[in-house]
Amino acid sequence: MAKNLVIVESPAKAKTLTGFLGSDYQVKSSYGHIRDLPERKLGVDVKKHFEPTYQVSPDKEQVVKELKTAAKGKHVWLASDSDREGEAIAWHVAHVLELDPKKTKRIVFHEITKSAVTEAIAHPRTIDMKLVDAQQARRILDRLVGYELSPVLWKKVRRGLSAGRVQSVAVRLIVEREREIKEFKPESSFKISAIFETGKHQLAAELSEKITNLASSRKFLEHAAKADFTVANIEQKPGKRSPGAPFTTSTLQQEAARRLGYSVRQTMTIAQKLYEHGHITYMRTDSTILSGLAINAAKEYITKEYGAKYSQVRQYQTKSRNAQEAHEAIRPTQIGRLESGADSGQKRLYELIWRRTVASQMAAADIEKTEVKIDISGRNEQFLATGEVLVFDGFLKVYGGGKDDMILPPLESGHRLRLKSADALETYSRPPARYGEASLVKKLEELGIGRPSTYAPTIGTIQDRGYIEKKDLEGEVRQLKEIILSGSKITEQTQEVTIGADRAKLVPTPLADIVTDFLVKYFGEILNYDFTAKAENELDDIADGKLAWQKMLEDFYKGFHPLVEKGEEADRAEAAQTRHLGKDPKTGKPVYARYGRYGPVLQLGEADPADKDDKDIPKPKFAPMPEGAELETVTLEQALPMFALPREVGQSTDEQPIIADIGRFGPYVKVGKEFFSIKELDPFTITESEARQVIKDKQEAAAKRVVADWGKIQILRGPYGPYVTDGTKNARIPKEQDPEKLNESAAKELLAKAPASKRGNFRRRRGAKKS
DNA sequence: CAGTGAGCGAGCTTCCGCTTGACTT
């Protein structure tokens, strides 16, 4: 039996290590953190120097049990990752295994190679308590921020909301970007392009400056029709393009989004699979470092396949702000394998990683750039023609994105050119781009906020909470003016162009606006973009032994907690950004726009009368916001008609009143308790006969849905095909059976055989770990 | 699918970072 137990964080790593270490060593995984603060309470005693209460995480009970059994009578080596979190994991493991942290062997390696592992085993150290303390400070700080801020939001805005050091800043970035876009005033100008002729060749050029308006553009073209054009000067500049560093989590997410269209979640799930099968190194990393082994393998491969001049050994410095560099860059485990993965998704991501890794060890591409300036007689501007020729492809051979060559015809300075045609096309200056998932990750990384393991989950959280939506943007159609000069004839026309259409962009909801404004006002320090960076500096001091973790938290809390108390006193109406729009001329009651429990809402009358006990004061009336209107800008004139709903349209065929209104899911009419959505029709103007038609259509559709009806048991046609139902349980009807011919007893049999309804199971998974 | 927004005041929600499953919303 093995005498030693090595504990790492990931099971895949355990498997690899087993291969390196031989039969004296058993290797097991902790599956990440095993202990944490309790989920349902603060778990930090603020009055006792922030003493934390740790407990084995509910989902790790089994893991801990197994580790305890495995450790019996063995020599334990703690081999968790060599970063702050890894050190803490080692400490927690030592604690649950009742090992002395001062004596237990702690080993680390930055790459998983046999030599690195052997080297590590030869030089064990003990747990670095300073680093553990830095982790504790980080953990407790995040707990304090998250668990003190969120309840303020529950009280002031809406239950179930959340705030935190990372997520609230992510939301703020998106909110502020959206505001910049809204405030942006596009400016129109004209881009002049021309085609010249020289001998048999043609030369495309652009005017070096844009022209601000249509009249001047027209004047310019009129002048150009008669002007002389001469080559003023030709400049040749050699240029280089260098390969990018090997992938980190964040750059992999960006490139996979850009080139393959994957979401950050997709990228991580696929990468995880590749990792588990040993095709790539660990996918959650902030390091661009390649192991010596990998560099050599790449060099060998490149030299053999492309020749020595394509090889260039490079090691990249990790640029990321708070990089911990516990792992290597993301790379193939075997450079020689050009294809890996079980499906096309995995294959495509593997290929991207392979190309990026190999390219990173290749020579730069050489480019020859040519710039030709062309004088215009009688004008100061010049035309500019640029050519670009790839002289040596270098790394572009494997990691494309190379542009096509633009070859210029042979030219000489002083050369006369003939203008063939010219064109002035209106362009608009563009607002800053919205964030997508990957560009948000990039920004967060730049700010040093969040870690490779949290980028994808953070984006999930801010969407789950209803702060952010991922949307395809339709853009708007613009008429662009264009003037064309051909020969000596000038014509004007317009071009219809869609501007601002975009896929999968992150857009804030009104809730995000409300919450961000509130948090920025009351907790500006936490919402500041450099809050994390400052905290990280202090964490570094703790890790260096220059600062006690309790001292850091004390200083922080001294400033933070009073803000929480102030926030508690904030006015709900203020948090909901209540706006008084004016008075309803009919009733004289005030009209408000505010953020309600279900989103923006209009309100007629006081919700909170001064004398609450006076039962004679009528309740306020509520109405949804008019289509397209926003909380900050909606006017009284837009608001008033909304209170005309609900409206009695007329009577149904059986003489019951038909009511029209707008609900959470859009406009509808209802008769008694039955609802009918009216997507195309306007509830303000819908007529009795239109409403009757809608009702009749839906009733007919519903009748078609029922294939058979035996009272309680029915056969229905659903969106996924025919099924049997008894009201609570559903059963699919197999394809080979004709639902029309099924009799009642056969239907009952199908129901009995169908698996029990799983409804609700999924939802419980997240919250109810206790029961 | 579902069409709300005060209410009696129960019992509940929430953070970030480290890991991988189970599972169909």
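On a predicted model such as this, the values are computed, not experimentally measured, just so you know. In the text below, chain A, chain B and the rest are named by the order of the sequence lines, each starting its count at 1.
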### Task
Ignoring the backbone of A/His33, work out which of B/dG17, B/dT19, B/dC15 is nearest its side chain.
B/dG17

#### Entry: Under 4.0 angstrom between A/Arg284 side-chain N/O and B/dT19 OP1 or OP2
yes

#### Entry: Proximal nucleotide (of B/dT13, B/dA6, B/dC15) relative to the A/Arg597 side chain
B/dA6

### Message
Set out, in order, the CA-CA distance, both residues' side-chain angles and the distance that settles side chain to side chain donor-acceptor pair (under 3.5 Å) for A/Glu85 and A/Gln135, then state yes or no.
### Response
CA-CA 6 Å; A/Glu85 299 297 326; A/Gln135 193 274 346; 2.9 Å; yes

### Query
Of all the nucleotides listed (B/dC18, B/dC15, B/dG5), which has the minimum atom distance to the side chain of A/Arg465?
B/dC15

### Message
Counting the atoms with a prime plus P, OP1 and OP2 as sugar-phosphate, which does A/Ala88 contact under 4.0 Å by heavy atoms, base, sugar-phosphate, or nothing?
### Response
nothing

### Task
Send over the distance from A/Ile462 CD1 to B/dC15 P, rounded to a whole Å.
12 Å

### Query
OP1 or OP2 of B/dT13 less than 4.0 angstrom from a side-chain nitrogen or oxygen of A/Ser150, does that happen here?
no

### Electrostatic pair A/Asp36-A/Arg139, nearest N-O below 4.0 angstrom
yes

### Message
Can you tell me which nucleotide in B/dT19, B/dC16, B/dT20 comes closest to the side chain of A/Glu276?
### Response
B/dT20

### Task
Quick one: label A/Tyr275 by what it contacts on the DNA or RNA (base, sugar-phosphate, nothing), any heavy atom closer than 4.0 Å.
sugar-phosphate

## Note on the structure
Per nearest nucleotide of DNA chain B, the residue lying toward the 5' end, A/Leu42 or A/Ser453, is A/Leu42

### Task
Evaluate whether the aromatic ring of A/Tyr31 and the six-membered ring of the B/dT19 base sit under 5.5 Å apart, centre to centre, with an inclination under 30°.
no

### Query
Roughly how many Å is it from CG in A/Leu161 to C1' in B/dC12, rounded to a whole number?
14 Å

#### Entry: A/Trp154 over B/dT13, stacked by centroid distance under 5.5 Å, angle under 30°
yes

### Message
Could you check whether the side chain of A/Arg451 and the base of B/dC18 have a donor-acceptor pair of N or O atoms closer than 3.5 Å, going by distance alone?
### Response
no

### Query
Quick one: A/Lys156 NZ to B/dT13 C1', roughly how many Å, whole number?
17 Å

### Message
Within 45 degrees of the ring normal and closer than 6.0 Å to the centroid, is that where the cationic atom of A/Arg143 sits relative to A/Tyr147?
### Response
yes

## Note on the structure
Read 5' to 3' with Watson-Crick or G-U pairs under 3.5 Å, [ ] for crossing pairs and | for partners on another strand, DNA chain B gives .........................

### Query
Within the structure shown, what part of the strands sits under 4.0 Å from A/Leu141 by heavy-atom distance: base, sugar-phosphate, or nothing?
nothing

### Task
Identify whether any heavy atom of A/Gly160 sits under 4.0 Å from a base atom; if not, whether one sits that close to sugar-phosphate; answer base, sugar-phosphate or nothing.
base

### Message
Tell me the interatomic distance from A/Met283, atom CE, to B/dT19, atom P, rounded to whole angstroms.
### Response
7 Å

### Query
What orientation do A/Phe560 and A/Tyr557 show, parallel under 30°, tilted 30 to 60°, or perpendicular over 60°?
tilted

### Task
Return the residues of residues 77-85 of chain A meeting this criterion: a heavy atom under 4.0 Å from some atom of DNA chain B. Order them by number, or give none.
A/Asp81, A/Glu85

### Query
B/dA6 P sits how many Å from A/Arg594 CZ, rounded?
7 Å

## Note on the structure
To the nearest angstrom, the CD1-C1' distance between A/Ile34 and B/dG17 comes to 15 Å

### Query
Which part of the nucleic acid, if any, lies within reach of A/Val601 when heavy atoms closer than 4.0 Å are counted: base, sugar-phosphate only, or nothing?
base

### Query
Looking for any heavy atom pair under 4.0 Å, which part of the strands does A/Pro11 touch: base, sugar-phosphate only, or nothing?
sugar-phosphate

## Note on the structure
Considering only heavy side-chain atoms of A/Asp142, the closest of B/dG3, B/dG11, B/dC16 is B/dC16

### Task
Give the rounded distance in Å between these two atoms: CD of A/Glu39 and C1' of B/dG17.
13 Å

### Message
Pair A/His110, A/Glu325 - check side chain to side chain donor-acceptor pair (under 3.5 Å), show working.
### Response
CA-CA 8 Å; A/His110 296 263; A/Glu325 303 205 302; over 6 Å; no

### Query
Taking only N and O in the side chain of A/Arg138, is any of them less than 4.0 Å away from OP1 or OP2 of B/dC15?
no

### Query
With a non-hydrogen cut-off below 4.0 angstrom, is A/Gly43 in contact with a base, only sugar-phosphate, or nothing?
nothing

### Task
Using a 4.0 Å heavy-atom cut-off across all strands, classify A/Thr454 as base, sugar-phosphate, or nothing.
base

### Query
Between A/Asp286 and A/Arg451, is there a side-chain N and carboxylate O pair less than 4.0 Å apart?
yes

### Query
Given atom CD1 of A/Ile140 and atom C1' of B/dG17, what is their separation to the nearest angstrom?
14 Å

### Euclidean distance for P, B/dT25 against B/dA2 (whole angstrom)
15 Å

### Summary
Closest of B/dG17, B/dT19, B/dT14 to the A/Tyr147 side chain is B/dT14

### Task
Report which part of the nucleic acid A/Tyr282 touches: base, sugar-phosphate, or nothing (heavy-atom distance under 4.0 Å, all strands).
sugar-phosphate

### Task
Step through it carefully: locate the ring centre of A/Tyr282, locate the ring centre of A/Tyr275, and say whether they are under 6.0 Å apart.
yes

### Message
Any base atoms under 4.0 Å from A/Gly86, or only sugar-phosphate, or nothing? Heavy atoms, all strands.
### Response
nothing

## Note on the structure
Looking only at B/dG17, B/dG5, B/dT13, the nucleotide nearest the A/Arg40 side chain is B/dT13

### Task
Using a cut-off of strictly less than 4.0 Å, decide whether A/Ser10 has a side-chain nitrogen or oxygen near OP1 or OP2 of B/dT19.
no

### Task
May I ask you to check whether A/Phe643 and A/Phe622 place their ring centers less than 6.0 Å from one another?
no

### Message
With a cut-off of less than 4.0 Å, is there a side-chain N or O of A/Arg572 near OP1 or OP2 of B/dA6?
### Response
no

### Task
Could you tell me whether A/Lys589 and A/Asp584 have a side-chain N and a carboxylate O separated by less than 4.0 Å?
no

### Task
Pick base, sugar-phosphate or nothing for A/Gln167, based on heavy-atom distances below 4.0 Å to the nucleic acid.
sugar-phosphate

### Message
Using OP1 and OP2 only, check whether a side-chain N or O of A/Gln272 sits under 4.0 Å from B/dT20.
### Response
yes

### Query
Of all residues at least two apart in sequence or in a different chain, which pass the side-chain hydrogen bond (donor to acceptor under 3.5 Å, both in side chains) check with A/Lys621?
none

#### Entry: Nucleotide nearest A/Ser677 when distance is taken to its side chain, options B/dC15, B/dG3, B/dG17
B/dG3

